[in-house]
Undergrad: 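My questions all concern the structure below.
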Protein chains: 2
Amino acid sequence: MEAGDRETTTPRDYDALRQLILDRRSDLPKRLAQVAIYALDNPDEIAFGTAASVAASAEVQPSTLVRFAQHLGYDGFSDLQGIFRARLKERTSNYDERLAVIRAGAEGGSEDQAVLHGFLAAAGQSIDRLSESVDPARFEQAASILAGAETIYIVGRRRAFPVASYLAYAFGKLKVRYFLTGSAAGLDPEVLDLAGPRDAVVAVSFSPYAPATVEQARQLSVKGLPVVSITDSAFSPLAECATEWLEIAEADFSGFRSLSATMALSMALTVAVAERRRKG
Amino acid sequence: MEAGDRETTTPRDYDALRQLILDRRSDLPKRLAQVAIYALDNPDEIAFGTAASVAASAEVQPSTLVRFAQHLGYDGFSDLQGIFRARLKERTSNYDERLAVIRAGAEGGSEDQAVLHGFLAAAGQSIDRLSESVDPARFEQAASILAGAETIYIVGRRRAFPVASYLAYAFGKLKVRYFLTGSAAGLDPEVLDLAGPRDAVVAVSFSPYAPATVEQARQLSVKGLPVVSITDSAFSPLAECATEWLEIAEADFSGFRSLSATMALSMALTVAVAERRRKG
DNA sequence: TCACTGCTGGAATATTTATTCCATCTGTGG
DNA sequence: CCACAGATGGAATAAATATTCCAGCAGTGA
């Protein structure tokens, strides 16, 4: 290899191929460019289809596909297709399936293994679900509300407390003024008395809802503070008294619900708030 | 359709197919059973391979594959293969790629959207990585250590505090005696003085390591307590003084590392510990 | 405008791949 | 031990699929 000129070497993995196509697309003949775009937009089609079906779908001739592959240095369409297939094989995921297998108690490996992979699968599933179900408008609205507040009051007990404490940590890092309720024993009422409509609340709670969380969120809401809730159902008491609320349905494993998706959402929310403040 | 007898209908989706194969496997001729097992163990091979390659890999004749498919009610191997391919198409995931796209700043959607999906992708990626990289023996060892302890001292500050507080919550739920350091202001030294070799420590910290965490873990280690660390590198000070340690490499988005995989690992660890205790 | 180079479509061909068929084998019931 | 039903391996065949080829087209520079 080498011999002085840096002849573009033909990639054997998808990421490199993707990059190569991106680099070359501009100086590719019309039809080949058309295939290039199609390939990046519909990698699955290429992985599964036949030359004829892909050609039809991309609105070119089968021969063009072969030319495209050869242009990139592959033997032919089949060779190129191999790269697209390998990519699909690497995709692990499909947590639904993994969970089903683990729950069925099947497979080798110790019980500990099952527990660990069960929780990981539940976490992955929760994240996948949230990706699909989250309402962008609501998320933006929630970020807006918090971005406009002077002080953000964070409410969350019991299972939601790790989330609340993460929010506190992240807001601190991002130089957003906040108050985490429940941390300084007994002082909550005094501090919350000072809260006013220019502040805002972020309350986190999941069924069974911690009474203290619900109570504080309600009180602050009554005082005119906008409330952003992170909760698990439209029937949650936190959804009721919220100005805006975000729904999270975490998957569970052996009776314990994941918190992974909630953590990811919280991180996103804090950063989105900080971004808005930075922009003024 | 129907006509009285419940003739097994031929499934058009993977889950149903899987079930059908499971049900039927016992009363299948030898070679067909062999194919059945192979199919469930290597669905990817079937999805992508040719009849000849799959046959070779499963150590049967191509004709046996066709017979298998027809036995189940499909037209032939190709028809059956379609089910396996459809399954792959549905798999969403591949967070590596999603992240790359989002980081490239591409695509429509608002910036908030990018932030949210960026964090979700980072979380998913972390979980995928952990699934692959975790060392089962270490996990079991860690669970063992904690299962044998009288009291579990939980150490974790700053970014690790949400994890520590989750551990505390979960241990409480599972009736495991614990003490969460840093919660009762100033009382740590007195309480930790009472700790002895029959107890154990679980310490959580990530770079940059909070000095207080490292300090406390070291002190307890010196006093003869076994230490289980959850940290992000073999060079972490927590790995040094640990009896057993678990490595987590969380992906980051816009400078913020995910905590989702760590949370999942923590849940698994607590449940594994509780399981061991339950069994005596 | 012409000649030339490279691109393109589509039919022809070569190759690969699935399916069928049949002779042989295996195991079971009489 | 024999007869029979079903299962199996492997070669033969049919179908599909990828690739090649070539005539015509489009764009470029003289």
Side-chain angles (χ1 to χ4, degrees), chain A residues 7-8 10 12 17 20-21 24-39 42-86 88-89, chain B residues 7-8 10 12 17 20-21 24-39 42-86 88-89:
Chain A
E7 153 188 298
T8 322
T10 306
R12 297 300 328 170
L17 171 57
L20 175 64
I21 293 177
R24 294 261 214 105
R25 191 175 61 186
S26 41
D27 46 48
L28 234 39
K30 193 168 72 150
R31 285 284 118 99
L32 297 196
Q34 187 177 333
V35 173
I37 294 171
Y38 180 87
N42 308 66
D44 288 8
E45 278 304 310
I46 297 197
F48 289 115
T50 67
S53 72
V54 173
S57 168
E59 298 182 302
V60 296
Q61 291 291 326
S63 50
T64 304
L65 291 180
V66 176
R67 271 197 291 271
F68 176 73
Q70 290 172 342
H71 196 92
L72 258 34
Y74 295 93
D75 278 356
F77 176 71
S78 302
D79 192 19
L80 176 71
Q81 191 178 40
I83 309 292
F84 283 81
R85 291 187 169 179
L88 281 188
K89 282 198 201 171
Chain B
E7 152 187 300
T8 322
T10 306
R12 298 294 342 164
L17 171 56
L20 175 62
I21 293 177
R24 292 262 215 109
R25 192 174 60 186
S26 42
D27 46 49
L28 232 41
K30 193 168 73 152
R31 286 281 115 100
L32 297 195
Q34 187 177 332
V35 173
I37 294 172
Y38 180 86
N42 309 66
D44 289 8
E45 279 305 311
I46 296 197
F48 289 116
T50 67
S53 71
V54 173
S57 168
E59 299 182 300
V60 296
Q61 292 290 328
S63 49
T64 304
L65 291 180
V66 176
R67 271 197 291 270
F68 176 74
Q70 289 173 341
H71 196 93
L72 258 35
Y74 296 93
D75 279 357
F77 176 71
S78 303
D79 191 18
L80 176 71
Q81 192 178 40
I83 309 293
F84 282 83
R85 290 189 170 176
L88 281 187
K89 282 199 203 170

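Per chain, numbering begins at 1; letters A, B, ... match sequence-line order.
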Undergrad: For C:dG10, does OP1 or OP2 lie under 4.0 Å from any side-chain N or O of A:Gln61?
TA: yes
Undergrad: Here's a test of your reading of the structure: between B:Arg31 and A:Ala52, which maps to the more 5' nucleotide of DNA chain D?
TA: B:Arg31
Undergrad: How long is the line joining CD of B:Gln34 and P of D:dT8, in whole Å?
TA: 9 Å
Undergrad: Which nucleotide, C:dT8, C:dT20, D:dA18, lies nearest any side-chain atom of A:Lys30?
TA: C:dT8
Undergrad: Start at the 5' end of DNA chain D and walk down; is the nucleotide closest to A:Gly49 or to B:Val60 reached first?
TA: B:Val60
Undergrad: In this structure, how many angstroms lie between the P atom of C:dT17 and the CD atom of A:Gln81, rounded?
TA: 11 Å
Undergrad: Donor-acceptor pair, A:Gln81 side chain versus A:Ile46 backbone, under 3.5 Å?
TA: yes
Undergrad: Tell me which nucleotide among D:dG10, D:dA18, D:dC21 gets nearest to the side chain of A:Arg67.
TA: D:dC21
Undergrad: Kindly check if the number of other-residue, nucleotide or ligand heavy atoms within 6.0 Å of CD (A:Glu59) is above 12?
TA: no
Undergrad: Quick one: B:Asp27 CG to D:dA7 P, roughly how many Å, whole number?
TA: 11 Å
Undergrad: For D:dG9 and B:Thr64 - does any side-chain N or O of the residue sit under 4.0 Å from the phosphate oxygens OP1/OP2?
TA: yes
Undergrad: A:Ser63 near the nucleic acid: base, sugar-phosphate alone, or nothing, with a heavy-atom cut-off under 4.0 Å?
TA: base
Undergrad: Between C:dT19 and B:Ser78, is there an OP1 or OP2 to side-chain N/O distance shorter than 4.0 Å?
TA: yes
Undergrad: Using a cut-off of 4.0 Å on non-hydrogen atoms, how would the nucleic acid contact of A:Gln70 be classed: base, sugar-phosphate, or nothing?
TA: sugar-phosphate
Undergrad: Round to the nearest Å and state the distance from B:His71 atom NE2 to D:dG6 atom C1'.
TA: 11 Å
Undergrad: What is the separation between atom CG on B:Leu32 and atom C1' on D:dT8, rounded to the nearest whole Å?
TA: 10 Å
Undergrad: Could you check how far CG of B:Asp75 sits from C1' of D:dA14, rounded to whole Å?
TA: 16 Å
Undergrad: Between C:dT16 atom P and B:Phe48 atom CZ, what is the distance in whole Å?
TA: 21 Å
Undergrad: With the side chain counted from C-beta on, respond yes when B:Phe48 and B:Ser53 share a heavy-atom pair under 4.5 Å apart, and no when they do not.
TA: no
Undergrad: If only atom types and distance count, is the side chain of B:Arg85 paired as donor or acceptor with the main-chain N or O of B:Ala47 below 3.5 Å?
TA: yes
Undergrad: Are the side chains of A:Leu72 and A:Arg24 in touch, meaning some heavy atoms are under 4.5 Å apart?
TA: yes
Undergrad: If I take atom CG in residue B:Leu65 and atom P in nucleotide D:dA7, what distance separates them, rounded to the nearest angstrom?
TA: 16 Å
